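The structure's right below; bear with me while I get my questions together.
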Amino acid sequence: MLATYNRTIFENGDFSVCTFIPDDESELPENALKYGTFVGIGNNIPHSNDVQLMIDGEWKTTKYGLQMEISSCISVLPKTEEGIIAFLSSGVLPHIKNKMAVRLYNTFGDKVFSILENNPDEWLKVRGITKKKLEKIKEAYTVNYGYQDLVMLLAPFGISVNKIKKIVDKFGAEACEKVSENPYVLFTIKGFGFKTVDDIATKTNTPKNDPLRIRGALEYVLTEAEKNGHLCLEQEILRQQAYEMLNDGMETPVVTINDVTNVIIQMAKDEILKGDNGFAYLASNYDNEVFSARKIRQFLNTPQSPVNVSSKIINFERQNFPLADRQKDAIKQFFNNRFSIITGGPGTGKSTVLKAILEINAQVYEKSEVLLLAPTGKAARRMAQATGKEAYTIHSGLHIMEDTDISSTKNLEFDTVIVDEVSMCDMKIFSILMSALNPNKTKLLLVGDSDQLPSVGAGNVLNELISCGKIPVTRLNLVYRQGAGSIIPINAEKINTGDSRLLYNSEFMFLNADEPSLCFDTVIENYMKEIHRVGIENVCILCPMKSRGENCVNAYNKKLQELVNPPAQNKPEMKVKTSVFRQGDRVMQTKNNEFVSNGEAGIIVKIEKDEDEELLCGIKFDGKPDIIWYDVEEMANITLAYSITIHKSQGSEYKAVIMPMMKSFYIMLKRNLLYTAVTRAKSKVIIVGQRQAIFIAVNKTETDKRNTQLGSRI
């Protein structure tokens with residue numbers, strides 16, 4: 001709704017309680033208006049009577065009456081001198097206080113915004129505007145300006161300002177034009193369901209049998225399947241699901257099966273859809289899978305001169321320690337093949353084999369250049385620690401960004417490339433990796449645990465490579481890591497083979513808790529004990545779910561922040577939307593940037609203001625020598641990490657792992673989820689909850705199947 005700021009009732013840092021004058025009182029619920037204003041609470045609200053705001057939020061009844069909990073608000077561009085100065089200094093644009101706003105208006109007048117849009121470098125003539133500040137200002141202005149037309153277009157459909165921001169982030173300055181022409185482009189943005197977009201398209205007079213609507217449904221069905229790990233769907237299933245979705249809620253069908261079929265044919269002609277063997281793919285998924293299979297065949301068909309390394313293995317054992325027969329087999333296999341795989345559970349000696357391979361490789365090929373890679377920063381750091389050699393994430397090693405594809409990758413000039421934790425590689429990142437390799441130049445070794453959870457992204461790469469039967473594979477099966485007598489690997493093997501009769505002792509504990517609240521309290525109690533025993537960086541609560549129910553990641557993080565790092569008078573804080581971060585908090589990166597990879601954890605060591613009085617947060621990430629600094633905007637990609645999801649834990653190790661396991665997690669309970677969680681622990685596992693939940697997880701494997709043809713293509 002449109003409203004104007006009236007006054008501030010309470011303020012604490014970025015948080016404030018304010019009253020607002022609505023433009024249209026009829027948009028407010030009953031009893032929300034008092035003396036012509038309503039109450040709103042939120043962060044970073046522009047405090048200016050001269051700026052009109054577009055506000056979005058949720059109405060809640062409190063002890064003070066009906067209030068709007070504001071999720072976001074944006075300023076509508078003003079036209080008067082007072083309004084322009086108020087807008088510039090309202091906080092919508094960073095680095096601009098009142099004096100700077102006056103200088104800008106005195107320099108450019110009412111053309112200040114058009115100059116920022118069309119000739120922004122002119123702003124550098126104003127004292128105090130630097131190139132770095134101008135970049136931040138332009139970015140914030142572009143987003144805010146881009147909202148205006150979209151708000152007018154989508155506000156009648158109840159689209160939140162947060163979702164409008166996502167559209168602007170996706171499509172930039174052309175967002176309004178793209179959405180107006182084809183509302184179904186919204187399917188490419190997370191959070192837009194078919195019914196919402198269909199409603200927008202309907203009210204913009206798009207016919208129900210319009211090919212764009214049918215195309216949107218087909219793409220949506222495949223995109224939803226991709227979220228569940230599937231690269232493709234059977235063509236008949238795709239056709240039927242789209243047909244049912246398009247006619248849902250209709251008394252008589254508005255779209256026929258033939259309509260759907262005709263659009264599928266046209267999408268295939270336009271190469272939006274591709275497929276074979278009765279399966280349909282989004283084009284990029286098909287291209288990635290086919291390309292990877294062909295590249296692997298090139299590796300397998302490229303001759304490799306055999307090398308006898310038996311004597312060098314004996315020398316390695318003399319200087320280090322004895323190797324098991326399977327470990328020796330893996331070493332020999334590497335030297336006799338262009339492409340090979342080593343798999344095995346945690347502690348089975350994969351890292352030992354890598355160390356031996358690297359040492360012997362340096363003897364056999366004195367000038368050999370080797371590149372060590374892993375999917376995440378955590379996994380790369382562990383690989384480096386285990387081998388004594390530098391290791392990189394796949395993204396940094398290949399110098400690629402999130403939106404890189406196989407057509408824009410540069411070739412790697414290395415004799416050997418070794419990739420660890422390959423179970424975490426989805427089809428997209430694996431295809432990019434393969435596009436950077438030359439089978440005539442490079443030898444490739446993949447390492448990973450095929451029994452762990454598959455990748456978060458679509459595909460099932462490691463299992464497909466192993467099961468195709470064409471690639472040399474060594475499976476290590478003797479456990480070394482946890483030490484003699486440890487039952488952690490024994491129970492991991494039991495889980496892996498479908499045996500729910502786990503063994504319990506002080507190293508592997510089960511604490512019964514039938515009620516969710518008891519489970520929550522027991523997990524918290526044991527977490528506090530363990531961090532005092534081995535340190536906060538060595539303990540983690542691993543949950544199946546992030547945000548659902550009482551025993552989720554978000555609930556544990558909120559409670560543990562209160563207990564482990566409560567507010568204090570001299571302890572700095574930073575508010576980021578609805579989250580609060582404090583100096584001393586355990587946190588995690590949730591999106592790759594140029595310094596830190598998604599999933600890396602660390603501690604907030606400093607929160608302080610810069611020369612412009614803006615808050616900065618300094619985080620010391622595990623294994624990194626330097627503090628990484630974040631402003632408020634960048635902190636949107638940071639989350640508390642006292643507890644994380646089991647999916648996020650892949651590639652990590654902790655001395656102690658604590659897991660809530662309740663039947664209410666049913667949709668997530670499956671064998672490889674439990675196996676992955678248990679195998680993150682080096683010395684202690686504590687499972688809290690219901691025995692039946694463990695039984696369900698150990699015996700449920702049918703949901704792991706993913707639609708992909710990579711193995712059969714190879």
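Fair warning: this is a prediction, and the values are worked out from it, not measured in the lab.
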Has D270 got a side-chain atom pairing as donor or acceptor with I272's backbone, closer than 3.5 angstrom?
no

Once you round to the nearest 0.5 Å, how far does CD of E135 lie from NZ of K132?
11.5 Å

Other residues, nucleotides and ligands only: do more than 12 of their heavy atoms fall within 6.0 Å of NZ on K99?
no

Find out whether I541 and Y642 are in side-chain contact, i.e. whether some heavy atom of one side chain is under 4.5 Å from a heavy atom of the other.
no

Between K571 and Q583, is there a donor-acceptor pair closer than 3.5 Å when you use the side chain of the first and the backbone of the second?
no

With sequence neighbours left out, what residues match K606 under salt bridge (charged side-chain N to carboxylate O under 4.0 Å, His left out)?
none

Could you pull out the closest heavy-atom pair between I524 and Y556, with the gap in Å?
CD1-CD2, 3.7 Å

For Y105, the side-chain hydrogen bond (donor to acceptor under 3.5 Å, both in side chains) test, sequence neighbours excluded, returns none

Does CZ belonging to R548 count more than 12 external heavy atoms closer than 6.0 Å?
no

Would a 4.5 Å heavy-atom cut-off, applied to side chains only, mark L66 and F38 as touching?
no

Is the number of heavy atoms from other residues, nucleotides or ligands within 6.0 Å of CD (E608) greater than 12?
yes

Give a yes or no on whether K620 atom NZ has more than 12 heavy-atom contacts from other residues, nucleotides or ligands under 6.0 Å away.
yes

Can you name the residues that form a ring-ring contact (aromatic ring centres under 6.0 Å, His included) with F171, not counting sequence neighbours?
none

Note, D631 side chain near K136 side chain (heavy atom, < 4.5 Å):
yes

Taking all atoms of both residues into account, what is the closest heavy-atom pair of K166 and I189, and its distance?
CB-CG2, 3.8 Å

Which heavy-atom pair separates F192 from L186 by the least distance, and what is that distance?
CB-O, 3.4 Å

Inspect the contact between R582 and E573 and indicate whether a charged nitrogen and a carboxylate oxygen are less than 4.0 angstrom apart.
yes

Please determine, by modelled atom types, if S396 and T393 share a side-chain donor-acceptor pair under 3.5 angstrom.
yes

CG/L33 to CG/L28 distance, rounded to the nearest 0.5 angstrom?
6.0 Å

Test log, rule side-chain contact (heavy atoms from CB on, under 4.5 Å), inputs F113 and F108
CA-CA 9 Å; F113 297 124; F108 303 118; over 6 Å; no

Got N557 and I644 here, is their nearest side-chain heavy-atom distance under 4.5 Å?
no

To the nearest 0.5 Å, what is the distance between OG1 (T8) and CD1 (I45)?
8.0 Å

Tell me whether R103 contacts the main-chain N or O of R127 through its side chain, where contact means a donor paired with an acceptor under 3.5 Å.
yes

Determine whether V587 and C617 make a side-chain contact, defined as any pair of heavy atoms from C-beta on separated by less than 4.5 Å.
no

CD/E600 to CD/Q589 distance, rounded to the nearest 0.5 angstrom?
8.0 Å

For D198, give me all partners under side-chain contact (heavy atoms from CB on, under 4.5 Å), at least two apart in sequence or on another chain.
Y184, F194, T202, K208, R213

Aromatic plane relationship, F20 with Y5 - under 30° parallel, 30 to 60° tilted, over 60° perpendicular:
perpendicular

Keeping the roles fixed (side chain from N288, backbone from S284), state whether a donor-acceptor pair exists under 3.5 Å.
yes

Rounded at 0.5 Å granularity, tell me how far OG1 in T107 sits from CD1 in I115.
9.0 Å

Is N6 reaching over with its side chain to a backbone N or O of C18, donor-acceptor style, under 3.5 angstrom?
no

Please determine whether a side-chain nitrogen of the Lys or Arg among R382 and D622 lies less than 4.0 Å from a carboxylate oxygen of the Asp or Glu.
no

Set of side-chain hydrogen bond (donor to acceptor under 3.5 Å, both in side chains) partners for E81, sequence neighbours left out
none

Determine whether S455 and D426 satisfy the following criterion, side chain to side chain donor-acceptor pair (under 3.5 Å), listing intermediate values before the conclusion.
CA-CA 5 Å; S455 57; D426 59 28; 5.3 Å; no

Side chain proximity check, I432 to K428, heavy atoms < 4.5 angstrom
yes

Which pair of heavy atoms, one from F520 and one from E550, lies closest together, and at what distance?
CD1-O, 3.4 Å

For M100 and H95: C-alpha separation, side-chain torsions, deciding distance, then whether side-chain contact (heavy atoms from CB on, under 4.5 Å) applies.
CA-CA 9 Å; M100 175 66 76; H95 306 300; over 6 Å; no

Given L134 and L116, is the side-chain contact (heavy atoms from CB on, under 4.5 Å) satisfied, shown in steps?
CA-CA 9 Å; L134 182 59; L116 180 60; 4.1 Å; yes

So T645 and C543, do their side chains get closer than 4.5 Å, heavy atoms only?
no

Take a 6.0 Å sphere around NZ of K575 and say whether it holds more than 12 heavy atoms from other residues, nucleotides or ligands.
yes

Could you check I603 against R586 for side-chain contact (heavy atoms from CB on, under 4.5 Å), going step by step and ending with a plain yes or no?
CA-CA 5 Å; I603 299 287; R586 183 80 175 156; 3.6 Å; yes

Nearest heavy-atom approach of N98 to I85 is ND2-CG2, 4.1 Å

Evaluate the side-chain proximity of M635 to I619: yes if any heavy-atom separation is below 4.5 Å, no if none is.
yes

Might you point out which heavy atoms bring I55 and A3 nearest each other, and give the distance in Å?
CD1-CB, 3.9 Å

Residue pair S652 / K378, side-chain donor-acceptor N/O under 3.5 Å
yes

Results of side-chain hydrogen bond (donor to acceptor under 3.5 Å, both in side chains) for Q67 - residues two or more places apart only:
none

Rounded to the nearest 0.5 Å, how far apart are NZ of K63 and OG1 of T61?
14.5 Å

Check whether more than 12 heavy atoms from other residues, nucleotides or ligands sit under 6.0 Å from atom CZ of F595, and answer yes or no.
no

Member of N598, T639, T590, T376 meeting the side chain to side chain donor-acceptor pair (under 3.5 Å) criterion with K648
N598

